[in-house]
Amino acid sequence: MNEVEDSGPVVVIGPPGSGKSTVGRLLAAHLGVDFHDADADVEREQGRTISDIFATDGEPAFRAIEEETVARGLREYTGVYALGGGAVLSQRTRACLEGHRVVFLNVGMAEGVRRTGLSSSRPLLAGVNPRATYRALLEARLPIYRSVAAVEVGTDSRTPEEVVAELAAILQGRGAPQ
């Protein structure tokens, strides 16, 4: 077992389009550890998509489900654990993150919009003006992401592999957090 597995999961957070799942999966492979994704856990456990949960039950119901899923994942998982973009909005989730190695993947608005394609599968980006919604989402969440993260890595104009190389160096003590 390696040092990453022994100390609980490395938790990856960030807004939609920051690369949480892609970078998380690659980082886990690079480190030789398991990868888990909170959004995938929610969908598997609920037997429906997050968009369906939002549409049928509403955001508060989804956030309650997400809160339980993340709390359980943080207790049970090792390796790398990617959270949904809004998971950190929950005070309970933020409290559960204390003591974990939390990595914030930062993405600028233009790049985040390009990467998400303002996808209708992302319920919070659906609506009349998705770009304005994305901008507001970033402005509201940026301080929260930074308050819980030990490491912040920018992802604009970088490949997932470049981001993984930087994160791996930091997590393995070969680089300093920015």
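- The side-chain contact (heavy atoms from CB on, under 4.5 Å) check on E76 picks up R72, with sequence neighbours excluded.
- The minimum heavy-atom distance between P16 and R141, with the atom names listed, is CD-NH1, 4.1 Å.
- Between the side chain of K20 and the backbone N or O of P15 there is at least one donor-acceptor pair closer than 3.5 Å.
- Listed by first and then second residue, the ring pair (Phe, Tyr, Trp, His ring centres under 6.0 Å) pairs involving residues 32-51 are H36-Y77 (not counting sequence neighbours).
- Summarising the geometry, atom CD1 belonging to I65 is positioned 6.0 Å from atom CG belonging to D57; distances are rounded to the nearest 0.5 Å.
- Here the straight-line distance linking atom CD1 of I53 with atom CZ of R63 works out to 11.0 Å at 0.5 Å rounding.
- Judged as a salt bridge (charged side-chain N to carboxylate O under 4.0 Å, His left out), and not counting sequence neighbours, E162 has no contacts.
- Partners of D37 according to the salt bridge (charged side-chain N to carboxylate O under 4.0 Å, His left out) rule, which considers only residues two or more places apart in sequence or in another chain, do not exist here.
- Residues L83 and V12 have side chains not in contact (no heavy-atom distance under 4.5 Å, counting atoms from C-beta outward).
- Taking CG from D34 and CZ from R25, the interatomic distance works out to 12.5 Å, rounded to the nearest 0.5 Å.
- Contacts of E68 classified as side-chain contact (heavy atoms from CB on, under 4.5 Å), with partners at least two apart in sequence or in another chain: R92.
- Sorted by first and then second residue, the salt bridge (charged side-chain N to carboxylate O under 4.0 Å, His left out) pairs involving residues 142-151 (not counting sequence neighbours) are R146-E152.
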